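Just so it is clear, the model here is predicted, and its values are computed rather than measured. Sequence lines set the chain letters: A, B, ... in the order given, protein chains first and strands last, and positions in each chain run from 1.
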Number of protein chains: 2
Amino acid sequence: MARASTTSDAFNAIAEPRRREILSFLAFDERPVGDIVAALGLEQPSVSKHLRVLRDVGLVTVRRDGRNMLYRTEAAAIRPLHEWTRTFERIWSHQLLRIKERAEKDSRP
Amino acid sequence: MARASTTSDAFNAIAEPRRREILSFLAFDERPVGDIVAALGLEQPSVSKHLRVLRDVGLVTVRRDGRNMLYRTEAAAIRPLHEWTRTFERIWSHQLLRIKERAEKDSRP
DNA sequence: ATAATACATACCCATATGGGCATATGTCAA
DNA sequence: TTGACATATGCCCATATGGGTATGTATTAT
């Protein structure tokens, strides 16, 4: 029952380094699969499978252009991830502040 | 060769819903394992294993207090994740703007 | 219609891993 | 020291999944 809630979601999708590379590669422009294959140095089927995962969670969109399938990162889908990590922002600011304060106190004999 | 680069990193660690729950639970205060077990409704060994993963990537820290092990979320370790998602922020803002513009143009006959 | 190009899927193998159970380890109480 | 309590690990099983190879499908070119 590995990875129980493998409710393939965005968090799971970006856990794969290759998929993060793909998202970055497709962030600014739509590109055909072939370009991604060339960029990642992976076999085409592997790339297609990663794209499938990213598509299923809405992290990329596709449109056909003749024989090519043009993929593009759907940046907005990354927003929830950004929001989740952001909930810890206030906390780490506070923690870093405490560390700083302690350092100053320690340096003051 | 599943999950090839299972170089257990923070991205991989937060892919598990339970681990995200743990991070949220431990965000503000340190807590003993028993509390986490009660909160998540998982078996103690499972919780310990999740904590182990989180510890290995530095997302939580521990300190012993008698028979208890007090865990706490190391919020700063989440920062890299926040930064990564942030790189897409400008892009999604731009994309949302374009969607808005199109909507306005379409409503204008 | 036929061939070639560009992808997507199916299938197989190997591995990573989550959950449960049993057990080892560490710490405090009597 | 013995026993109880709090965790951590070891072990087993089942499953999810990544990569590769072969093959199916769609679209353009001839």
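Side-chain atoms of B:Ser48 and B:Gln44 include a donor-acceptor pair closer than 3.5 Å. Side chain to side chain, B:His50 and B:Arg19 meet the donor-acceptor criterion of an N or O pair below 3.5 Å.
Counting heavy atoms of neighbouring residues, nucleotides and ligands inside a 6.0 Å radius, atom CZ of B:Arg72 exceeds 12 of them.
Per the geometry, CD belonging to B:Glu16 stands 13 Å off P belonging to D:dA16, to the nearest Å. Between A:Arg19 atom CZ and D:dA16 atom C1' the separation is 11 Å, expressed in whole Å. To the nearest angstrom, C1' of C:dT17 lies 15 Å from CZ of B:Arg18. In this structure, A:Ile36 places its CD1 atom 17 Å from C1' of D:dG19, rounding to the nearest Å.
Heavy-atom distances to DNA chain D give each of A:Leu42 and A:Gly66 a nearest nucleotide, and the one nearer the 5′ end belongs to A:Leu42.
Looking at heavy atoms from C-beta onward, A:Leu40 lies in side-chain contact with A:Ile22 at the 4.5 angstrom threshold. Using a 4.5 Å cut-off on side-chain heavy atoms (C-beta onward), A:Val62 and A:Leu54 make no contact.
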Could you write out each protein N or O paired with an N or O of nucleotides 2-11 of chain C at a distance under 3.5 Å?
{"residue": "C:dT5", "atom": "O4'", "partner": "A:Arg67", "partner atom": "NH1", "Å": "3.1"}
{"residue": "C:dA6", "atom": "O3'", "partner": "A:Arg67", "partner atom": "O", "Å": "3.4"}
{"residue": "C:dA6", "atom": "O3'", "partner": "A:Asn68", "partner atom": "OD1", "Å": "3.1"}
{"residue": "C:dC7", "atom": "OP1", "partner": "A:Val33", "partner atom": "N", "Å": "3.2"}
{"residue": "C:dC7", "atom": "OP1", "partner": "A:Asn68", "partner atom": "OD1", "Å": "3.1"}
{"residue": "C:dC7", "atom": "OP1", "partner": "A:Met69", "partner atom": "N", "Å": "3.4"}
{"residue": "C:dC7", "atom": "OP2", "partner": "A:Gly34", "partner atom": "N", "Å": "2.9"}
{"residue": "C:dA8", "atom": "OP1", "partner": "A:Tyr71", "partner atom": "OH", "Å": "2.4"}
{"residue": "C:dA8", "atom": "OP2", "partner": "A:Ser48", "partner atom": "OG", "Å": "2.5"}
{"residue": "C:dA8", "atom": "N7", "partner": "A:Gln44", "partner atom": "NE2", "Å": "2.7"}
{"residue": "C:dA8", "atom": "N6", "partner": "A:Gln44", "partner atom": "OE1", "Å": "3.4"}

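Both the sub-6.0 Å distance and the 45° axial angle are not jointly satisfied by B:Arg31 relative to the ring of B:Tyr71.
Between D:dG20, C:dT17, C:dG18, one nucleotide has an atom nearer to the side chain of A:Glu43 than all others, and that is D:dG20.
Of the side-chain N and O atoms in A:Asn12, one or more sit less than 4.0 angstrom from OP1 or OP2 of D:dT17. Contact check, A:His50 against D:dG19: a side-chain N or O comes under 4.0 Å of OP1 or OP2.
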